[in-house]
Each structure stands twice: as structure tokens, then as C-alpha cells.
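Heads up: the structure comes next, in C-alpha cells.
Remember, it's 1-based here, ligands and their atoms both numbered in the order they're listed.
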Amino acid sequence: MNQSYPPPTSPTIPKPILQVEGLVIHYETPRGAVQAVSDVSFSVQPRERFGLVGESGCGKSTLVTAFLRMTKPPGVIKAGRILLNGVDILALPKNEMRRVRWSQVALIPQGAMNSLNPVMRVRDQIADALVAHGVILNQAALTARIEELLARVELPARVARLYPHELSGGMKQRVCIAMATALEPKLIIADEPTSALDVVTQRAVMEMLANVQEMVGAALILIGHDMGLMAQVVDRLGVMYAGELVEVGDVTSMFKSPQHPYTRALLGSLPSPRERKVRRAIGGLPPALIAPPPGCRFHPRCPEAIVACREVAPRRLETTGGWATCHLLDPTQASQPLEAADAAPSA
Ligand code: SF4
């Protein structure tokens with residue numbers, strides 16, 4: 001593994017910074033409820049880097065938006081708890097939740113750099129954000145704080161005087177990261193923070209984000225598609241499919257020995273510069289979440305499906321370094337392959 005980022009921290013502190021329990025989020029539509037997030041449970045330790053991967057539309061962004069209680073209609077949180085540092089944020093009054101955002105949990109949303117105000121200098125945008133969250137400083141202290149925040153993301157002080165159109169994509173993303181981490185949150189959520197950048201800039205921005213996370217002492221949830229990037233940055237990885245979390249584990253075990261067929265398929269679709277193997281695309285399409293398939297939601301696309309997969313939802317089972325939801329790991333399920341069952345003559 002080509003390791004150039006600060007080494008991942010080992011999660012040893014027992015009390016998680018984030019604990020998600022049985023979270024269910026629907027989008028209510030005239031045609032019925034879109035089951036965007038279904039019974040998701042996991043936790044993140046202080047200072048840990050947790051990666052979340054899965055195909056577009058699998059519910060990653062819907063899930064993390066709920067961690068800031070920013071789910072907007074027609075999205076509705078139907079069930080579950082989100083404990084941030086032990087406090088259920090779904091039960092907090094609105095004004096208290098406003099205080100928690102940014103100071104305890106900060107989001108770097110997808111396309112964050114496009115959210116900068118084009119007619120305001122960087123300095124004024126950072127100052128506005130600080131004031132909006134109750135940071136009152138005199139002019140000299142404010143200037144010093146803004147320069148300190150820019151230096152943290154490796155930008156020179158002169159950037160404070162510039163407008164967003166005078167910055168490159170990478171510089172804009174750095175400004176967004178400086179703003180998101182200005183109040184030293186305990187949890188940073190970065191939703192595909194490098195997707196709009198070229199490969200070289202992606203690497204530099206990711207390295208800088210990892211450094212800032214270390215400096216602030218926060219945990220990081222990194223959402224993305226780039227498994228190679230995940231392998232270099234995160235401690236643990238969660239794989240989402242069709243609104244469900246199907247496997248969680250430490251990143252080394254997940255890459256060496258993925259236990260869920262969907263994780264195996266995701267890794268099998270990666271190009272390998274060493275082995276000149278053909279990339280295997282995952283056949284079929286993810287299901288419409290307005291009517292997901294019964295049993296295991298992956299069964300219509302799973303090359304390893306057995307009869308139980310189309311009838312019974314798999315339960316969570318322990319693996320080396322984590323857990324996965326798959327009947328193949330379950331000794332209580334008979335293992336007749338689906339193809340053989342379909343081919344057998346009916347009595
Ligand atoms: Fe495939 Fe069945 Fe496992 Fe689902 S439960 S991933 S369909 S083998």
C-alpha cells in the first residue's frame with residue numbers, strides 16, 4: 001500500500017463519538033415511501049477515520065445528512081437514534097441543535113467549493129461563518145484567526161483578500177475545509193470532498209484533510225467511490241448497498257478478505273496496475289428503493305446467491321475485524337445455489 005498520509009490512529013477509546021442505532025429514513029412520495037436508509041447501525045470512535053462506500057443512490061449522503069439533522073422534506077427520519085458524544089441529537093431542541101452543528105459535527109458537502117459566495121472575499125465569508133456560530137472577536141483577533149485557519153489548510157494569508165473566482169478548485173476546497181473545521185468539531189463528515197478535482201489535486205487535498213483532522217483531534221467520516229483512496233486514508237470501512245449497511249470492518253481485512261459478495265464485487269471492479277486483469281463490472285442495476293426486493297436486497301445481482309437469499313433477510317454476523325450481512329456466513333442457512341434450484345424440475 002502506498003502510504004503517504006499521516007498514519008491512521010488506532011481506535012482504543014471505548015466511548016464512541018458517534019453511535020447510530022437502527023436508523024430508518026424514507027422519502028415520502030406520491031407513489032409511496034422510498035426506503036433510502038434501512039435499519040442502519042454503526043459507531044465511530046474519537047479520532048477514527050471511517051470510510052463509507054457504495055454505488056450512487058445507495059443512501060450514503062442521506063445517511064450522513066441526518067447526522068447534522070439536516071434531512072429535508074420529503075425526507076423523514078422514521079426510526080432510530082443518533083448519539084453524538086452520548087447525546088441523542090434527534091431529541092435536541094432546534095436551537096440546541098444549531099449550536100451542535102459546526103461546533104461538534106461539521107459537514108463538507110458534495111460540491112462544497114461551489115457553495116462559496118462569488119461576490120464575497122474569502123475573509124468575509126469565514127468571518128460571517130464564525131460570527132454566525134457565536135465567535136465574537138475584535139478585528140485584529142479575527143484577522144489572526146482567519147490567517148491561522150488558512151495556514152492550517154496550507155493557504156497563504158493573501159488568499160483572505162481574494163474572491164472565489166480567483167482561486168483554483170483545490171484552493172476553494174481548502175477554504176471550505178478551513179471554514180468547516182473553524183470551530184474544532186469532534187466529528188468531520190466529508191462527502192466526496194475530492195470528486196470535482198483532478199487526480200494530483202485530489203491527493204494533495206486529501207492529505208491536507210487528514211492533517212487537519214489530526215490537528216483538530218476529530219473523527220472523520222469519509223464518503224466516496226474511490227476504494228484506492230479509502231485504502232490509504234481510513235481505519236475502518238462501511239459498505240452500503242440499497243440503503244443498507246452490508247459490511248463493516250477494518251480496512252486491511254476488508255481489502256484482503258472481503259466477506260460480503262457485494263464488497264468482493266466492488267473490489268473486483270477496481271483496475272489493478274500490477275495484474276493486467278480485466279475489470280469485472282457488477283451486473284444489473286441497484287433496485288428501486290420504493291419496492292426493494294425481498295430477502296437480501298443484493299440477491300438479483302449476486303453471483304453467489306442461494307435459495308434463502310430471495311426469501312430471508314440476512315442477519316448481521318461477526319467477521320474478522322467487523323461484521324457482514326450474508327447468508328453464506330450463516331451456518332443456519334441451507335446452501336442450495338439459486339441457479340440449481342431454478343433449474344430443478346418442479347414436482
Ligand atoms: Fe448474495 Fe445471498 Fe449473501 Fe445476499 S445473502 S450477498 S444474495 S449470498
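- With hydrogens and angles ignored, the 3.5 Å screen pairs no side-chain donor or acceptor of Arg315 with any backbone N or O of Thr325.
- Within the structure, every pair that satisfies the ring-ring contact (aromatic ring centres under 6.0 Å, His included) test and touches residues 289-317, not counting sequence neighbours, is listed here: Tyr241-Phe298, Tyr262-Phe298.
- Listed by first and then second residue, the ring-ring contact (aromatic ring centres under 6.0 Å, His included) pairs that reach into residues 121-179 are Trp102-His133, sequence neighbours excluded.
- For Thr143, the side-chain hydrogen bond (donor to acceptor under 3.5 Å, both in side chains) partners at least two apart in sequence or on another chain are Arg123.
- Ordered by chain and number, Cys296 SG make up the set of protein N, O or S atoms under 2.8 Å of atom 4 (Fe) of ligand 1.
- In this structure, Arg81 contributes its side chain and Glu21 its backbone to no donor-acceptor pair below 3.5 Å.
- For Thr263 and Glu247, the side-chain atoms include at least one donor-acceptor pair closer than 3.5 Å.
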